[in-house]
Amino acid sequence: MEENKAVNSSRFKRFCVFCGSSSGNRNSYRDAALELGKELVSMRLDLVYGGGSVGLMGLVSQEVHRGGGHVIGIIPKTLMSKEITGETVGEVKPVADMHQRKAEMALHSECFIALPGGYGTLEELLEVITWAQLGIHNKPVGLINVDGYYNYLLTFLDKAVDDGFIKPSQRNIVVSAPTAKELVQKLEEYVPMHDGVVAQARWEAEQLELNSSLQTEIAR
């Protein structure tokens with residue numbers, strides 16, 4: 001019993017992971033995805049991701065599923081063809097479009113992590129950062145900076161602070177570390193230090209209403 005308590009010591013229940021539908025050109029990217037999956041399993045954390053079994057998305061989801069963790073793949077109906085994304089493991093939640101996908105991923109998660117990825121990963125990441133900046137949510141957002149993959153992005157954020165486009169307190173929204181274990185620890189200790197401008201409860205109510213109407217559209 002005491003051992004179980006020690007293992008399940010996270011203040012979170014479910015992590016959302018953004019990452020590439022490609023595995024990239026370095027073994028370190030694949031290793032990082034597997035390491036993250038193992039870390040989530042070791043802490044008994046469930047996974048929310050964008051569905052499918054290809055690239056880093058497939059590696060991390062299959063690792064969590066193989067380890068007995070609950071996996072939720074949220075994927076637009078137009079991308080559900082196995083020829084496009086492969087077969088999603090665990091629970092599959094089809095949605096109407098990419099906008100609803102991001103809203104659902106955020107709704108079902110308590111924390112966000114980005115592994116290396118391309119345009120889609122960056123777009124998803126920046127949106128949840130912006131939501132945090134506005135006060136729509138206060139969930140931690142972290143980057144696994146594998147082999148310095150996100151160095152240029154972090155430099156850009158620092159430049160935006162220096163030039164007055166991001167407040168110094170808002171720069172703290174983004175947490176980074178070179179490994180999954182180090183990042184998860186930082187996210188566990190994360191305390192929001194910025195002021196938002198949007199009422200969180202109102203926004204969540206609007207999202208629930210929107211998602212309900214979109215699910216009706218999917219069923220038609």
Side-chain angles (χ1 to χ4, degrees), residues 10-12 14-22 24-26 28-29 31-33 35-36 39-40 45 47-50 56-57 60 98-99 101-204 206-207:
S10 177
R11 64 187 175 108
F12 306 111
R14 203 176 275 164
F15 273 50
C16 178
V17 175
F18 306 130
C19 57
S21 57
S22 168
N25 294 330
R26 298 189 181 188
S28 56
Y29 301 147
D31 292 342
E35 180 193 3
L36 176 58
E39 184 66 18
L40 296 182
L45 295 167
L47 169 69
V48 176
Y49 81 117
L56 300 186
M57 296 171 70
V60 68
M98 299 295 282
H99 298 291
R101 180 199 222 175
K102 289 181 291 184
E104 287 281 344
M105 289 171 77
L107 188 66
H108 289 282
S109 306
E110 298 167 314
C111 192
F112 304 97
I113 287 181
L115 282 160
Y119 287 138
T121 300
L122 190 60
E123 188 265 346
E124 291 168 333
L125 172 66
L126 290 177
E127 183 146 2
V128 295
I129 291 171
T130 303
W131 290 349
Q133 181 186 39
L134 293 173
I136 290 172
H137 72 76
N138 59 5
K139 302 172 183 179
V141 181
L143 307 174
I144 302 181
N145 193 21
V146 184
D147 288 346
Y149 183 81
Y150 282 113
N151 281 353
Y152 289 118
L153 175 60
L154 296 171
T155 298
F156 163 76
L157 297 179
D158 292 335
K159 174 66 172 173
V161 172
D162 292 342
D163 287 3
F165 291 103
I166 296 176
K167 295 179 180 178
S169 63
Q170 294 170 345
R171 172 63 180 84
N172 296 327
I173 291 170
V174 183
V175 180
S176 65
T179 68
K181 193 172 190 65
E182 291 174 79
L183 181 62
V184 169
Q185 183 59 44
K186 284 187 175 183
L187 295 176
E188 291 283 353
E189 298 167 356
Y190 174 82
V191 177
M193 301 291 289
H194 57 281
D195 297 322
V197 296
V198 175
Q200 182 178 348
R202 186 181 75 233
W203 181 85
E204 288 182 346
E206 291 172 352
Q207 287 300 304

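Because the structure is predicted, anything quoted here is derived from the model rather than measured.
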**Prompt:** Would you say C16 and H108 make side-chain contact, with heavy atoms under 4.5 Å?
**Reply:** no

**Message:** If you define the side chain from C-beta out and look only at heavy atoms, does anything of L153 sit under 4.5 Å from L122?
**Reply:** yes

**Fill in**
For M105 and V17, the nearest pair of non-hydrogen atoms, with its separation, is CE-O, 4.3 Å

**Request:** Could you tell me how the ring of F18 sits relative to the ring of F112: parallel (under 30°), tilted (30 to 60°) or perpendicular (over 60°)?
**Result:** parallel

**Asked** Are the side chain of R101 and the backbone N or O of G50 linked by a donor-acceptor pair below 3.5 Å?
**Response** yes

**Asked** Tell me, do F15 and L36 make a side-chain contact under 4.5 Å, heavy atoms counted?
**Response** no

**Item:** CG on L187 to NZ on K139, rounded to 0.5 Å
**Value:** 13.5 Å

**Asked** What distance do I166 atom CD1 and N172 atom CG have between them, rounded to the nearest 0.5 Å?
**Response** 11.0 Å

**Request:** Under the ring-ring contact (aromatic ring centres under 6.0 Å, His included) rule, collect the residues that match up with Y29, sequence neighbours excluded.
**Result:** Y149

**Message:** Looking only at the side chains, is there a donor atom on one of D147 and S28 sitting less than 3.5 Å from an acceptor on the other?
**Reply:** yes

**Request:** Report yes if some heavy atom in the side chain of L125 is under 4.5 Å from a heavy atom in the side chain of L143; otherwise report no.
**Result:** yes

**Over all atoms of both residues, closest heavy-atom pair of H137 and W131** = CD2-CB, 3.5 Å

**Fill in**
On a heavy-atom basis, the closest approach of R171 and L154 is NH2-CD2, 3.8 Å

**Message:** So, using side chain to side chain contact (heavy atoms under 4.5 Å, CB included) as the criterion, who are the partners of E182 when residues are at least two apart?
**Reply:** A177, P178, T179

**Asked** What is the distance from atom CG of L157 to atom CZ of F165, rounded to the nearest 0.5 Å?
**Response** 13.5 Å

**Asked** Any side-chain heavy atom of I113 within less than 4.5 Å of one from V184?
**Response** yes

**Asked** T121 and Y150: which non-hydrogen atoms are nearest, and at how many Å?
**Response** CG2-OH, 3.6 Å

**Asked** If you take all heavy atoms of S10 and L45, which pair is closest and at what distance?
**Response** OG-CD2, 3.5 Å

**Spacing of CD1 belonging to I144 relative to NZ belonging to K181, to within rounding of 0.5 Å** = 12.5 Å

**Message:** When you compare the side chain of Y190 with that of C111, does any pair of heavy atoms fall below 4.5 Å?
**Reply:** no

**Message:** Is it the case that the side chain of K102 and the backbone of E124 share a donor-acceptor pair, with hydrogens and angles ignored and the cut-off at 3.5 Å?
**Reply:** no

**Item:** Note: R11-E110 ion pair, threshold 4.0 Å (strictly below)
**Value:** no

**Message:** Just to verify, what does D163 make a salt bridge (charged side-chain N to carboxylate O under 4.0 Å, His left out) with, not counting sequence neighbours?
**Reply:** K159

